[in-house]
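A quick write-up on the structure given underneath.
What you see is a predicted model; the values in this text were computed from it and never measured. Residue numbering restarts at 1 for every chain, and letters A, B, ... go by the order of the sequence lines.
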Amino acid sequence: MTGATEIHPNISGTPNTSGTYIGSFWCERNIPELKIERHIEDNRMIALGGKMIPCYTVQRNLASIQRGVRWTSSCRPAPLLTASPVRALIDDKISIRGHFLPPRCPVTVCAQMQSDDGDLWEAFAHFNTNLDGTVNLTRDPSVGGSYLGREPMGLLWGLQPAPGAREGLRLRKKKVETPYVMLMSLLKGHVSPSERPSTELAAVTSERWYMAPGVRRIEIRQNGVVGTLFLPPGSGPFPAMLDLWGMGGGLVEYRSALFASRGYASFSLAYIGHKDLPGPQHQINVGDPYFKSAFQLLQDHPQVYRDRVGIIGLSFGVYLTLRLANHSDIKPSCLICINGPAGSNIKLADADGRTEQMENDQQYWTYDDQGNVSFRAVSLPANLSPESKVKLEHLTCPLMYIVGEDDLSSSSIENANLIEETLSAAVKSQLFTRLSYPGAGHLIEPPYTPNSRASLWSVKPQKLVTLWGGHLALHAAAQEDSWKKILEFMETNLRH
Amino acid sequence: MDMKQHCVKLSVQPSRGLVDEKFTVLVQNLLPGFQLTIHALHQCEDGHSWEAFAHYTADATGIVNVSRDPSLGGTYSGVEPMGLLWSLRPVPGSKTGLRWRKMNVQTPMGVTILVYQGHQTEGFVDQVLLASVVVERWYMAPGVRRVPITEGRLTATLFLPSGPGPFPGLLDLWGGGGKLVEYRAALLASHGIASMALDYLTPQITKETGRMVDNDYFETAYRVLKQYPQILGSRIAMLGLSFGAGVTLRMAVYSKGLKLSCAVCINGSHVQPIDGPLEQMMTYFNKNAYKTRVDENNQVIWRDLMLPIPTDPSLKVDMGRLQCPLLLVVGEDDQNWPTYESAMDMKEMMERAGNSHLLTVLSYKNTGHLIEPPFTPFARASTFKMVTNPRTKVMALWGGELVAHSRAQEDAWRKTLVFLRENLYGGMKHGASFSNL
């Protein structure tokens with residue numbers, strides 16, 4: 001995937017002042033050479049109307065292009081915008097195209113989507129139509145907007161909260177049984193969606209699903225374990241994954257739903273911040289027995305292959321993954337760790353369910369000049385309690401560690417190094433695979449969804465925005481590549 | 001050779017598609033040379049079960065790709081990417097005379113695709129199931145709006161594409177079975193054409209008055225469509241199948257109130273008494289009912305009712321007066337209407353009158369009467385109740401042979417969309433390939 005550093009204008013320019021009639025459309029072909037300037041301030045953020053959004057602009061003389069173009073007419077049907085497939089899974093690529101447009105003219109393709117919380121997210125990209133009056137996002141580069149360059153899925157990972165939205169948002173699907181409904185429009189000229197008036201030429205609605213048809217969602221409240229199980233269609237048995245997220249808590253289902261859509265049973269597990277878990281929600285009140293129960297519950301499920309169960313963890317979920325795999329009676333087939341620590345200052349509840357007060361990790365928090373907090377130093381190996389560091393020498397299954405090199409929430413590079421060194425010393429390097437992505441942040445999630453460089457972490461005792469890191473296009477590339485490699489890793493270790 | 005279930009990977013892409021969209025069925029991680037059966041299972045709205053199956057052998061890399069590999073037997077053979085859908089047939093033990101139709105277009109057709117070890121022909125339920133997925137096939141794209149229309153005492157449903165428009169419009173007519181049949185209009189709207197499915201044989205007004213509608217009913221439909229916001233009044237087409245094709249020709253040529261951009265007639269005829277009301281068409285059929293034949297399976301053949309093609313000009317639409325482009329879709333094995341003979345006669349009339357440049361004929365061998373959107377099950381015959389004689393249920397012979405008919409549906413639909421686009425968006429020079437749309 002091209003990073004957002006190259007610009008390939010789709011216009012070649014020998015000035016030609018004659019116009020041409022094509023049907024009832026007339027476009028003056030006098031398109032001057034493009035003068036391209038990239039406005040980048042503050043890590044690719046630009047203030048637009050008071051709102052910080054990533055934006056690239058291409059400066060040019062638009063007047064001669066726009067003059068003389070008839071886009072719509074009372075005796076011609078409108079141009080057409082198509083998306084294929086129009087109902088897709090989240091990790092499917094979509095081909096977006098515009099047709100029946102005047103040739104070599106500026107258009108904007110705009111995407112809008114409402115999150116489950118009702119926030120509006122939008123993205124837009126500027127194109128110049130081809131000689132045949134088409135625009136094709138798989139073929140054509142964006143020359144301005146939410147992303148630059150040729151990025152077939154840029155309108156999706158480039159989604160940002162619309163102007164006027166609440167602060168500190170992060171896009172996460174709560175209800176995985178319904179799709180995201182995306183409205184895509186084709187607008188006249190190079191505009192931004194909030195500019196009024198802008199002429200809408202065509203629109204298409206598409207759906208993006210986490211759950212494939214036939215996937216079953218089963219709420220699990222059994223043996224004290226709180227989670228949601230997703231089963232692929234069919235009778236099974238299926239290879240399976242235990243799916244763990246971070247200290248943000250709750251029950252995060254969407255990655256599991258997508259695994260099930262790709263043929264794996266997957267169990268999302270809650271361990272903090274869920275009403276069905278014991279004790280106060282701000283702390284972890286479960287311990288090793290809880291995680292072992294969860295793994296065994298999954299193994300014992302009649303539609304799961306007990307010898308083909310892996311574990312995936314993001315953030316604090318990495319520590320839980322490594323800790324769980326370290327038990328002699330827990331034998332996962334593979335482990336996938338994304339941006340998380342190999343140890344922790346946070347103690348899990350002990351065997352009797354007693355929870356010790358959390359060590360004050362706040363001493364390691366750092367703040368930027370906007371008061372946003374980075375948790376990164378908390379998981380520096382030097383700052384982790386030595387007895388908590390998982391004894392990886394006992395590892396018996398393949399481990400894939402995924403690093404976002406711009407991770408501002410976790411010391412991922414350092415922990416990856418620690419794990420690699422430990423395994424190397426134990427002559428177990430062959431079990432270790434590292435994927436490392438420059439410019440990617442903490443939240444490496446399934447592809448074609450936007451990254452939030454920072455988002456609201458807490459409102460009490462005071463409003464806190466935490467930094468995740470990640471530069472838009474590079475993070476998107478990391479999500480796409482890592483997802484593919486995650487599925488391949490699962491296939492190798494769970495299917496064969 | 002045994003295969004472990006955990007290995008086998010079955011995927012169908014896209015898992016949610018439009019009815020006329022192709023999919024790719026891929027089975028991976030097999031042992032080279034492994035024999036398997038792919039089985040498709042579907043339960044229709046009436047609760048009947050339909051199935052299709054095909055035998056494949058994995059290649060040297062352990063893959064079966066239905067779009068690329070030949071089926072070695074089953075309900076279809078050879079390389080047939082969509083065979084699992086168009087060869088669906090009622091499971092053994094089903095009622096006879098079934099015809100597959102989706103009347104509720106707001107829900108998808110759900111098909112389960114299953115992979116079994118070995119080359120099986122029956123008793124699938126007892127076999128080792130290696131993998132299965134569920135596939136949805138939709139008539140309505142997201143964002144397409146379904147609008148019931150009762151204005152002007154019409155019984156109709158309008159389907160509007162998503163977006164601001166304006167959209168070209170289309171009147172969609174079915175045949176002698178009556179009812180409000182929506183699926184083709186829904187699919188056309190999913191391709192950007194605002195389409196109105198029109199019930200003209202069993203509409204509310206006929207139920208109330210006992211009288212068949214006449215030309216003014218269609219003129220009203222045209223007017224309602226033309227004036228509807230977001231519809232481009234200057235670009236309206238008409239599409240009719242069977243009896244509806246005859247109505248389309250009649251309106252296209254004689255109606256002062258209708259100005260069509262183009263017309264599509266599928267398996268119909270221009271033969272009809274042109275003086276007098278629409279009801280006369282029914283009278284004409286009944287008069288010739290004695291020509292009904294029955295084949296060795298007791299299936300009713302109605303194609304002779306309008307043969308021979310009359311020479312009397314009052315008994316056929318004067319095709320020389322047609323002023324808009326016309327696409328005729330002909331199933332050469334149509335046992336229900338004399339489609340081929342009618343098409344040839346229409347062609348001759350237009351050649352004599354000098355307007356044959358308006359005519360395009362698509363003629364398909366071994367193809368029957370029910371030429372519908374592609375990749376849906378085929379029926380060579382099915383139980384049928386003619387509206388004029390609703391107490392009599394017969395087994396109507398439609399004609400056609402499975403493979404040829406299914407290919408014809410795919411080809412005709414694609415070309416129909418191209419024809420409609422060219423005439424409804426017409427005059428624009430662009431290299432856009434319609435088949436990609």
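- For B:Val144, no part lies under 4.5 angstrom from a heavy atom of chain A.
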Walk me through whether A:Asp91 and A:Lys484 qualify under salt bridge (Lys or Arg N to Asp or Glu O under 4.0 Å). CA-CA 9 Å; A:Asp91 58 352; A:Lys484 187 164 80 81; over 6 Å; no
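- Of the listed residues (A:Ala202, A:Pro179, A:Ala88, A:Ser185), the greatest number of heavy-atom pairs within a distance under 4.5 Å of chain B belongs to A:Ala202.
- Defined by atom type and a distance below 3.5 Å, a donor-acceptor pair is present between the side-chain atoms of A:Thr178 and A:Lys173.
- Counting heavy-atom pairs closer than 4.5 Å to chain A, the top-ranked of the candidates B:Pro14, B:Cys7, B:Gly163 is B:Cys7.
- Residue contact with chain B, scored on non-hydrogen atoms closer than 4.5 Å, is absent for A:Leu186.
- Between the side chain of B:Arg137 and the backbone N or O of B:Glu21, at least one donor-acceptor pair lies under 3.5 Å.
- With salt bridges taken as basic N to acidic carboxylate O contacts below 4.0 Å, none links A:Asp140 and A:Arg104.
- Checked for salt-bridge contact, A:Lys485 and A:Glu491 miss the test: no charged N lies under 4.0 Å from a carboxylate O.
- In this structure a side-chain-to-backbone donor-acceptor pair under 3.5 Å is missing from B:Glu136 to B:Arg16.
- Within the 4.5 angstrom heavy-atom criterion, no atom of A:Pro232 approaches chain B.
- Only the side chain of A:Tyr305 has a heavy atom closer than 4.5 Å to any heavy atom of chain B.
- Between the side chain of A:Asp116 and the backbone N or O of A:Lys175, at least one donor-acceptor pair lies under 3.5 Å.
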Given A:Leu487 and A:Phe259, is the side-chain contact (heavy atoms from CB on, under 4.5 Å) satisfied, shown in steps? CA-CA 8 Å; A:Leu487 291 174; A:Phe259 282 146; 4.2 Å; yes
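- The contact list for residues 203-216 of chain A toward chain B, using heavy atoms and a distance under 4.5 Å, reads A:Ala203, A:Val204, A:Thr205, A:Ser206, A:Glu207, A:Trp209, A:Met211, A:Ala212, A:Pro213, A:Gly214 by residue number.
- The line from CE of B:Met109 to NE2 of B:His42 is 4.0 Å long, rounded to the nearest 0.5 Å.
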